[in-house]
Amino acid sequence: MSDAKTAITPTRSENYAEWYQQVVRAADLAETSPVRGCMVIKPWGYSIWENVQRGLDGMFKATGHKNAYFPLFIPLSFLEKEAEHVEGFAKECAVVTHHRLEAGPGGKLVPAGELEEPLVVRPTSETIIGATFAKWIQSHRDLPLLINQWANVVRWEMRTRLFLRTAEFLWQEGHTAHATAEEAKAETMRMLDVYADFAENWLAMPVIRGEKTAGERFPGAVETWCIEGMMQDRKALQAGTSHFLGQNFAKAQEIQFQDDQGNREFCWTTSWGVSTRLIGGTIMTHADDDGMVCPPMVAPAHVVVQPVLHKPESAAEVREFCDRLVADLRKKHYGGRAVEVEYDTRDIRGGDKTWQWVKRGAPVRVEVGPRDVASGSVFVGRRDKGVKEKESIPVGAFVEGIERMLAEIQQGLFTRAKAFRTEHTRVIDSKDDFYDFFKSPGKGGEEDGAATPIHGGFAMAHFNGDPALEERIKQDLAVTVRCIPLDGQGLCDDEGSPGTCPFTGERSAKRVVWAKSY
RNA sequence: CGGGGUGUAGCUCAGCUUGGUAGAGCGCUUGCUUCGGGAGCAAGAGGCCGCAGGUUCAAUUCCUGUCACCCCGACCA
């Protein structure tokens with residue numbers, strides 16, 4: 001507070017968008033690549049993704065899903081089968097048209113061997129998986145079919161940002177087929193809950209579960225459900241989606257089965273996915289002006305041990321003490337895995353070392369010097385507290401208490417994020433209040449090129465459901481309905497109750513969540 | 001894809017208006033001194049100035065094109 005120096009320049013309040021980029025870089029999470037719109041995910045960042053995969057994969061398996069893998073390439077004709085689906089993705093597809101390179105003029109390589117049918121690099125796999133499902137499913141006894149795939153997909157985005165929107169990204173996509181609409185809808189909601197559970201308990205990111213309006217629906221879906229988190233610039237981030245596809249894809253691809261009466265029926269299908277965007281969301285939820293803050297559940301390392309070794313006369317005993325500390329810590333468990341320890345013996349200055357781990361967001365840092373060895377204690381810094389706020393703890397108590405300390409940090413991050421969301425969520429009942437809420441504070445107009453002004457948040461307001469009205473508000477304020485929330489999420493007092501739409505005076509079924517979004 | 005901006009050392013940038021093949025800070029390497037805290041001094045390494053054309057005796061500098069990135073829109077996980 002008194003110390004104005006921060007590890008990240010600019011700070012969140014100075015320029016949020018630039019701050020985000022700097023955190024990604026300073027924390028060694030990812031960097032841009034020579035390939036347009038594609039990122040290199042660095043070990044520290046990839047390790048977070050591996051933890052995300054581990055956590056979600058366990059949940060998918062626990063709910064009866066099996067992993068499989070489908071081709072990267074999708075024949076163009078497959079994509080054409082579902083009309084809305086094509087329309088939704090046509091503008092952002094990478095297409096493979098040749099299968100060979102030949103020497104051309106000037107030593108250049110030129111594509112040759114044109115394909116009879118172009119192949120689309122999957123932007124999502126409904127069509128190729130649907131075609132496969134059609135072969136796998138014959139009887140009602142084959143249902144439900146519950147499949148997940150971990151994969152990369154490509155969407156040729158015009159504007160990209162590391163983790164949040166890249167041309168290629170990593171994700172999982174679940175695809176299921178069911179005998180009845182009820183079962184498929186139940187699956188859609190089950191996976192939405194899995195996502196919310198994961199976001200809140202692993203990423204410590206509070207999310208709102210709800211349904212998308214027609215305008216925001218997945219191309220080809222009957223219903224799209226989502227989890228929405230609030231970032232520190234108060235914009236919403238769609239962190240995961242679960243789609244009820246009805247029989248749209250089943251009919252387009254003839255995914256049929258014979259029921260117990262011998263009738264041929266179309267399946268009811270679902271699909272659901274989360275991506276490396278979750279890492280972007282985690283950054284924007286927790287990181288601060290000193291860099292990344294990793295929730296312990298997904299942190300690449302829980303504890304960093306930094307021995308103070310520069311004094312030759314004490315180096316050996318400090319090292320020995322640390323060796324034992326590291327070994328003891330690794331015998332402890334947190335969140336279903338052994339405590340992950342980074343033993344940093346690099347010969348660089350202690351201050352540099354500390355700040356590197358602060359910027360990377362390691363939850364706990366432990367410094368051990370001769371004085372600590374003499375007193376049998378360790379000097380502990382926590383990423384959820386100030387960098388200088390360190391505490392000396394007897395080594396035994398520290399090791400014994402590590403699980404609780406990590407749990408406390410995890411819980412603290414969630415509590416803080418939720419308080420932030422609550423603070424910036426407002427119940428709004430008049431059009432004027434609504435417009436005021438989303439207008440830049442102080443300055444009236446839009447200044448371009450400057451720092452993104454931080455204002456607004458989530459507005460809980462009634463809505464008559466008219467797409468034209470939603471479009472007009474989007475034009476006016478760049479604000480959209482993020483979701484029509486499920487009841488019972490504690491978003492406001494009269495949650496789920498009918499009321500009056502402040503824009504039209506018409507009847508509204510319930511308050512919806514309005515916000516600017518990524 | 002529309003509007004604006006920027007491409008010079010690993011990073012952040014100066015130099016270009018008034019053409020003569022390059023600078024700073026940080027980082028990196030080495031040495032000495034420091035050090036329970038993002039050190040000080042010194043010596044080094046590192047760049048065909050985004051790419052391709054053009055004008056010119058000569059282009060980082062002027063002109064044209066192109067590509068990439070950033071910001072604001074539209075689009076999207």
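Here is how names work: the chains are called A, B, and so on, in the same order as the sequence lines, proteins then strands, and each is numbered from 1.
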Chemist: Round to a whole Å and report the spacing from CD of Q22(A) to P of rC70(B).
Modeler: 12 Å
Chemist: CG of N15(A) versus P of rC70(B): gap in Å, rounded?
Modeler: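 Atom CG in N15(A) sits about 13 Å away from atom P in rC70(B).
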Chemist: Between rG38(B) atom P and H310(A) atom NE2, what is the distance in whole Å?
Modeler: 11 Å
Chemist: Please report the distance separating the C1' of rG27(B) from the corresponding atom of rC11(B), rounded so that it comes out in whole Å.
Modeler: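 Between the two C1' atoms, the distance is 7 Å.
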Chemist: Determine the interplanar angle of the W202(A) and F198(A) rings, folded into 0 to 90°, and report it as parallel if under 30°, tilted if 30 to 60°, perpendicular if over 60°.
Modeler: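 Rings of W202(A) and F198(A): parallel, as their planes differ by under 30°.
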Chemist: Only one of E211(A), R209(A), K185(A) forms a side chain to side chain contact (heavy atoms under 4.5 Å, CB included) with W225(A), so which one is it?
Modeler: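 The single option meeting the side chain to side chain contact (heavy atoms under 4.5 Å, CB included) with W225(A) is E211(A).
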Chemist: Please give, in whole Å, the distance from rG38(B) P to W355(A) CH2?
Modeler: 10 Å
Chemist: Check the surroundings of atom CD in E87(A): do more than 12 heavy atoms from other residues, nucleotides or ligands lie under 6.0 Å from it?
Modeler: no
Chemist: From the list rC71(B), rG38(B), rC11(B), which nucleotide is the closest neighbour of the side chain of A17(A)?
Modeler: rC71(B)
Chemist: Examine distances only and state if a side-chain atom of H175(A) and a backbone atom of S271(A) form a donor-acceptor pair shorter than 3.5 Å.
Modeler: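 No: the side chain of H175(A) does not pair with the backbone of S271(A).
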Chemist: Taking atom C1' in both rU8(B) and rA68(B), what distance in whole Å separates the two?
Modeler: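 15 Å, rounded to whole Å.
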Chemist: Is any side-chain N or O of R349(A) closer than 4.0 Å to OP1 or OP2 of rC35(B)?
Modeler: no
Chemist: One thing to verify: whether R383(A) and D288(A) come together as a salt bridge, which I'm taking to mean a side-chain N less than 4.0 angstrom from a carboxylate O.
Modeler: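 Counted as a salt bridge, because a side-chain N and a carboxylate O are separated by less than 4.0 Å.
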Chemist: What contact category does G369(A) fall into here, base, sugar-phosphate, or nothing, at under 4.0 angstrom with non-hydrogen atoms?
Modeler: base
Chemist: Quick one: I8(A) CD1 to rC26(B) P, roughly how many Å, whole number?
Modeler: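 It works out to 19 Å between those atoms.
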Chemist: Let's see if you can work this out: which of rC35(B), rG36(B), rC70(B) has an atom nearest to the side-chain heavy atoms of R371(A)?
Modeler: rG36(B)
Chemist: On a whole-Å scale, what distance lies between the C1' atoms belonging to rC75(B) and rC1(B)?
Modeler: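 About 10 Å, rounded to a whole number of Å.
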Chemist: Please confirm whether the ring centroid of F437(A) lies under 6.0 Å from the ring centroid of W514(A).
Modeler: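 They do not qualify: ring centres at least 6.0 Å apart.
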Chemist: Rounding to an integer number of angstrom, what distance separates rC26(B) and rU21(B) when you compare their C1' atoms?
Modeler: 26 Å
Chemist: Can a salt bridge be assigned to the pair E317(A) and K311(A) using a cut-off of 4.0 Å between side-chain N and carboxylate O?
Modeler: no
Chemist: For G37(A), report the nucleic acid contact type (base, sugar-phosphate, nothing); a contact means any heavy atom under 4.0 Å.
Modeler: sugar-phosphate
Chemist: To the nearest Å, give me how far apart CE (M39(A)) and P (rA68(B)) are.
Modeler: 19 Å
Chemist: Could you pick out which residue, R25(A) or F379(A), lies toward the 5' side of RNA chain B when each is mapped onto its nearest nucleotide?
Modeler: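 The 5'-side residue here is R25(A).
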Chemist: Say we look at rG4(B) and rA43(B): how far apart would their C1' atoms be, to the nearest angstrom?
Modeler: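 It works out to 46 Å between them.
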Chemist: Between N or O atoms, less than 3.5 Å apart, protein on one side and nucleotides 75-77 of chain B on the other: list the pairs.
Modeler:
{"from": "rC75(B)", "atom 1": "OP1", "to": "K474(A)", "atom 2": "NZ", "distance (Å)": "3.4"}
{"from": "rC75(B)", "atom 1": "OP2", "to": "K474(A)", "atom 2": "NZ", "distance (Å)": "2.9"}
{"from": "rC76(B)", "atom 1": "O2'", "to": "E157(A)", "atom 2": "OE2", "distance (Å)": "3.2"}
{"from": "rC76(B)", "atom 1": "O2", "to": "R165(A)", "atom 2": "NE", "distance (Å)": "2.5"}
{"from": "rC76(B)", "atom 1": "N3", "to": "R165(A)", "atom 2": "NE", "distance (Å)": "3.1"}
{"from": "rC76(B)", "atom 1": "N3", "to": "R165(A)", "atom 2": "NH2", "distance (Å)": "2.5"}
{"from": "rC76(B)", "atom 1": "N4", "to": "R165(A)", "atom 2": "NH2", "distance (Å)": "3.3"}
{"from": "rA77(B)", "atom 1": "O3'", "to": "Q238(A)", "atom 2": "OE1", "distance (Å)": "3.4"}
{"from": "rA77(B)", "atom 1": "O3'", "to": "Q238(A)", "atom 2": "NE2", "distance (Å)": "2.5"}
{"from": "rA77(B)", "atom 1": "O3'", "to": "R277(A)", "atom 2": "NH1", "distance (Å)": "3.4"}
{"from": "rA77(B)", "atom 1": "O2'", "to": "Q238(A)", "atom 2": "O", "distance (Å)": "3.1"}
{"from": "rA77(B)", "atom 1": "O2'", "to": "R277(A)", "atom 2": "NH1", "distance (Å)": "2.8"}
{"from": "rA77(B)", "atom 1": "N6", "to": "T166(A)", "atom 2": "O", "distance (Å)": "2.8"}
{"from": "rA77(B)", "atom 1": "N3", "to": "S275(A)", "atom 2": "OG", "distance (Å)": "3.3"}

Chemist: side-chain contact (heavy atoms from CB on, under 4.5 Å), that's the test. Do R382(A) and I409(A) meet it? Break it down for me.
Modeler: CA-CA 8 Å; R382(A) 289 167 50 155; I409(A) 294 172; 3.6 Å; yes
Chemist: What is the distance from NZ of K359(A) to P of rC11(B), rounded to the nearest Å?
Modeler: 15 Å
Chemist: With C1' as the reference atom in both, quote the distance from rC13(B) to rC49(B) in angstrom, rounded to an integer.
Modeler: 13 Å
Chemist: Which part of the nucleic acid does E18(A) contact within heavy-atom distance under 4.0 Å: base, sugar-phosphate only, or nothing?
Modeler: nothing
Chemist: Where do L325(A) and V366(A) land on the side-chain contact (heavy atoms from CB on, under 4.5 Å) test, with the steps shown first?
Modeler: CA-CA 10 Å; L325(A) 169 64; V366(A) 181; 4.1 Å; yes
Chemist: With the threshold set at 4.0 Å, does a side-chain nitrogen-carboxylate oxygen contact exist between D233(A) and R12(A)?
Modeler: no
Chemist: Find out whether F420(A) and P206(A) are in side-chain contact, i.e. whether some heavy atom of one side chain is under 4.5 Å from a heavy atom of the other.
Modeler: no
Chemist: In whole angstrom, give me the gap between the C1' atoms of rA45(B) and rC28(B).
Modeler: 8 Å
Chemist: Using the criterion of both pairing distances under 3.5 Å for Watson-Crick and G-U wobble pairs, give all stems of 3 or more consecutive pairs involving RNA chain B.
Modeler: B:1-7 with B:67-73, B:10-13 with B:23-26, B:28-33 with B:39-44, B:50-54 with B:62-66
Chemist: Pick the C1' atom in rC70(B) and in rU34(B), then give their distance to the nearest Å.
Modeler: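 Their C1' atoms lie roughly 42 Å apart.
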Chemist: D352(A) has an atom CG; how far is it from atom P of rC28(B), in whole Å?
Modeler: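 Rounding to the nearest Å, CG of D352(A) and P of rC28(B) are 7 Å apart.
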